[in-house]
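Position 1 is the first residue of the sequence; numbering continues from there.
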Amino acid sequence: MNYGPIPTVALDGVPNPLPEDVRVLDVREDVEWRHGHIEGATHIPLRQVPARLSEVPEGRTLVVCKVGGRSAQAVAYLSQRGLDVVNLDGGMLEWQAAGRPMVSETGATPQVV
């Protein structure tokens with residue numbers, strides 16, 4: 001199935017800090033989310049996105065996963081439904097490597113697993 005070009009942005013194209021009007025959708029699995037994510041992000045694992053479409057943030061949304069593959073699938077699906085979404089190339093690994101802020105649900109230092 002070909003969705004056509006997937007809107008994608010490199011980390012250096014993402015303002016730091018994120019603008020107030022930009023939402024984040026994290027499509028990683030629960031265990032990945034608990035270890036470290038972007039504060040304020042909405043968490044919907046990729047396989048649940050179709051069933052939880054109403055929970056996807058409205059407006060400009062940066063979609064993230066670990067490296068960019070799952071988020072690219074989510075962006076393809078969501079953009080076909082008219083949502084304003086863009087994939088983060090390199091995902092949370094790039095985010096963490098650049099020292100961008102993260103939070104954890106485990107009480108430990110946030111990390112990408």
Side-chain angles (χ1 to χ4, degrees):
M1 183 177 296
N2 184 2
Y3 291 105
I6 293 171
T8 301
V9 64
L11 185 62
D12 61 9
V14 178
N16 186 12
L18 286 173
E20 293 275 327
D21 66 332
V22 173
R23 308 288 172 250
V24 178
L25 172 63
D26 190 320
V27 297
R28 295 175 301 152
E29 294 300 314
D30 292 338
V31 67
E32 294 173 286
W33 167 264
R34 282 195 300 274
H35 281 279
H37 58 269
I38 298 168
E39 189 168 14
T42 298
H43 177 230
I44 306 175
L46 178 63
R47 70 183 182 283
Q48 296 177 16
V49 168
R52 296 175 61 187
L53 200 52
S54 66
E55 298 174 47
V56 174
E58 293 187 11
R60 294 194 312 161
T61 304
L62 181 67
V63 184
V64 301
C65 67
K66 186 172 181 178
V67 295
R70 286 172 286 177
S71 52
Q73 292 176 53
V75 166
Y77 178 84
L78 295 169
S79 62
Q80 287 232 311
R81 279 143 190 86
L83 281 82
D84 185 5
V85 288
V86 63
N87 181 38
L88 178 60
D89 187 38
M92 290 300 295
L93 285 176
E94 289 286 325
W95 186 275
Q96 177 178 263
R100 296 279 185 111
M102 292 171 36
V103 294
S104 156
E105 304 291 315
T106 65
T109 301
Q111 62 177 326
V112 176
V113 297

Listed once per pair and sorted, the side chain to side chain donor-acceptor pair (under 3.5 Å) pairs that draw on residues 99-113, sequence neighbours left out | His37-Glu105, Ser104-Thr106
With a cutoff of under 4.5 Å between side-chain heavy atoms, which Ile, Leu, Val, Met, Phe, Trp and Tyr residues group with Val103?
-> none
Any chance you could pull the hydrophobic cluster mates of Val14, using side-chain heavy atoms under 4.5 angstrom and chaining through other members?
-> Val9, Leu11, Leu18, Val22, Val24, Ile38, Leu62, Val64, Val67, Val86, Leu88, Met92, Leu93, Trp95, Met102, Val112
Applied to residues 55-76, the salt bridge (Lys or Arg N to Asp or Glu O under 4.0 Å) test, sequence neighbours excluded, yields Asp21-Arg60, Glu32-Arg70, Arg52-Glu55
Just do the side chain to side chain contact (heavy atoms under 4.5 Å, CB included) check on Val56 and Leu83 with the steps written out, would you?
-> CA-CA 9 Å; Val56 174; Leu83 281 82; 3.4 Å; yes
Partner residues of Glu29 under the salt bridge (Lys or Arg N to Asp or Glu O under 4.0 Å) criterion, sequence neighbours left out = Arg47
Grab the two heavy atoms, one from Ile6 and one from Ala72, that are nearest each other, plus how far apart they are.
-> CD1-O, 3.6 Å
Heavy-atom pair with the smallest gap, counting every atom of Gly68 and Cys65 | N-SG, 3.1 Å
ring-ring contact (aromatic ring centres under 6.0 Å, His included) with His43: which residues, sequence neighbours excluded?
-> Trp33
Indicate yes or no: at least one non-hydrogen side-chain atom of Pro45 is less than 4.5 angstrom from one of Asp30.
-> yes
Could you give the distance from CG (Asp12) to CG (Asp89), rounded to the nearest 0.5 Å?
-> 9.5 Å
Once you round to the nearest 0.5 Å, how far does CG of Asn87 lie from CG of Leu78?
-> 11.0 Å
Would you check if the side chain of Ser79 reaches a backbone N or O of Tyr77 as a donor-acceptor pair within less than 3.5 Å?
-> no
